[in-house]
Amino acid sequence: MYDIKLGQGCGIKATMLTPAGGVCDLRRARYIAASLVLVSGATMNCEDVTFNEVTNAVYVRLLGTRELTATGRYGIIFNVKLEDKTMYSTPVVWFAEVKENAPTGYHELTLSLSLTVVNFPDNVSYTGASPKIGDKNTWLVYDDNLNAYVDTGIEVGYANLLSRYDGKFAEIVVPCTEATNAAAAATVAANNAAAAADSAAGSASTATTAANAAAGKANAATTAANNAATAANTATGKANEAATAANNAAESAQRVVDTYDDVINTLAHSDCTLDERVEALEKALIAVLSGAVVIPKLQIKELNVWGNNSLALVGDGAPTKAPDRAGQFYIDKTARALYFSTGNAAVSDWKIQ
């Protein structure tokens, strides 16, 4: 549908198609007419209707001061009589809408319409307000004032129809030069538009290729993102497991600390007791070694002494040489300290009690 500015006109070039779909040869037509469907729904016969034998097309000129006088939608119907007692008509084609703010200019429209046989007068709902053939083989014409078809009493026939209604239907054998020129110009414009459409199609194809490439990259990115999400979920699961293990380790460490405190307390108590016992043993051993105390009876199941050395050494101050063996004792008389040996490699093998 075309937009036409109020006050402007338009031209229509119409090609008719037979019911079988082929191009209808209108050069043997006995009658050709066009009816305009107005905004109100009423119809009026188009005055400026011509047929061109060269182009085999019907040309209709509509004026803004005669037909297209109101804003709204307009339709058109063509009627053709090719043979006796048979009338062909097209469906209503809504071709234009008249608007106050439409672009200024004269439009040339090209239409292809299919003809349908209408040879009975009560087919109003399908054919619109087209002229029809009555039961008496006379023309029925729609009267806008009565809103009904009226019988003209004129027998169907090319000569009679033109002689009676020459004021409403124009001659059909006069070529429409202006319309033909306009149609040629429209053909050139259509060819230019087709070339531009081909160019646009090439650009669209390039854009489609780029879009497909972008879509491929987007799919690859989506796959990578899904893989990363899976890896992140796996890492999250492992982190949760590690957190659980850490919590369990913290609980175990706390139990160890509690146990360690108990052990320290026990060791502290044992250390105090051991110091007391060592001091008593030291006094007794010094007394035995010095001869102040005589042991009346000593039972030894097994005593091993390595070489020419003493089991217990006595000196003033800390030991200054390595022990002879592990298991020796050294008594520091000055500091009243007792050492025992854990080896014979160095002086550091003496351990003070």
Side-chain angles (χ1 to χ4, degrees), residues 1-6 8-24 26 29-51 56-64 66-82 86-99 102 107-134 139-152 156 161 165 168-170 172 176 179 183:
M1 184 175 294
Y2 296 86
D3 292 339
I4 298 176
K5 185 176 180 62
L6 181 63
Q8 301 290 321
C10 72
I12 297 176
K13 174 187 175 183
T15 301
M16 306 300 168
L17 304 177
T18 65
V23 177
C24 180
L26 298 178
R30 301 179 60 186
Y31 166 77
I32 300 176
S35 297
L36 189 67
V37 181
L38 304 177
V39 176
S40 62
T43 60
M44 68 178 295
N45 293 321
C46 300
E47 296 185 9
D48 197 349
V49 180
T50 59
F51 171 69
N56 191 35
V58 180
Y59 296 88
V60 181
R61 186 173 64 171
L62 304 174
L63 302 180
R66 184 176 59 193
E67 290 95 357
L68 308 178
T69 59
T71 58
R73 188 175 63 164
Y74 288 83
I76 194 167
I77 305 169
F78 289 90
N79 298 278
V80 178
K81 183 174 178 58
L82 296 175
T86 303
M87 188 75 173
Y88 295 88
S89 180
T90 66
V92 177
V93 177
W94 301 103
F95 67 93
E97 183 168 357
V98 175
K99 299 180 179 179
H107 297 268
E108 290 288 347
L109 315 180
T110 302
L111 305 176
S112 292
L113 304 99
S114 296
L115 294 172
T116 304
V117 176
V118 283
N119 53 11
F120 46 92
D122 57 351
N123 195 19
V124 178
S125 62
Y126 184 79
T127 62
S130 302
K132 296 185 293 187
I133 302 173
W139 284 108
L140 302 180
V141 178
Y142 194 85
D143 191 327
D144 292 333
N145 296 323
L146 298 176
N147 290 327
Y149 281 95
V150 296
D151 193 343
T152 65
V156 175
L161 186 64
Y165 290 97
K168 292 186 177 180
F169 301 107
I172 63 174
C176 182

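Quantities reported herein were computed from a predicted structural model and do not represent experimental measurements. Heads up: numbering here begins at 1 and tracks the sequence.
- Using a 4.5 Å cut-off on side-chain heavy atoms (C-beta onward), Asn79 and Ile32 make no contact.
- Under the 4.5 Å side-chain criterion, counting only non-hydrogen atoms from C-beta, Asp48 is not in contact with Val60.
- Residues Ser35 and Phe78 have side chains not in contact (no heavy-atom distance under 4.5 Å, counting atoms from C-beta outward).
- Counting heavy atoms from C-beta on, the side chains of Leu17 and Val23 come closer than 4.5 Å.
- Considering all non-hydrogen atoms of both residues, Val98 and Lys5 come closest at CG1-C, 4.2 Å.
- Taking 4.5 Å as the limit, some side-chain heavy atom of Cys10 sits within range of a side-chain heavy atom of Leu68.
- Looking at heavy atoms from C-beta onward, Ile76 lies out of side-chain contact with Val37 at the 4.5 angstrom threshold.
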Thr50 and Val58: side-chain contact (heavy atoms from CB on, under 4.5 Å), yes or no, with the steps?
CA-CA 6 Å; Thr50 59; Val58 180; over 6 Å; no
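- Under the side-chain contact (heavy atoms from CB on, under 4.5 Å) criterion, Leu63 pairs with Arg61, Thr65, Arg66, Glu67, not counting sequence neighbours.
- Taking Val39 as the reference, Tyr74 meet the side-chain contact (heavy atoms from CB on, under 4.5 Å) condition, with sequence neighbours excluded.
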Start with the C-alpha gap between Asn56 and Thr15, add the side-chain angles, then the distance that decides, and say whether side-chain contact (heavy atoms from CB on, under 4.5 Å) holds.
CA-CA 7 Å; Asn56 191 35; Thr15 301; 5.7 Å; no
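- Partners of Thr69 under the side-chain contact (heavy atoms from CB on, under 4.5 Å) rule, at least two apart in sequence or in another chain, do not exist in this structure.
- Inter-residue side-chain proximity for Glu97 and Ile4 is flagged as unmet; no heavy-atom pair is nearer than 4.5 Å.
- Using a 4.5 Å heavy-atom cutoff, the side chains of Lys99 and Thr71 are not in contact.
- Atom CZ of Phe95 and atom OH of Tyr2 lie 11.0 Å apart (nearest 0.5 Å).
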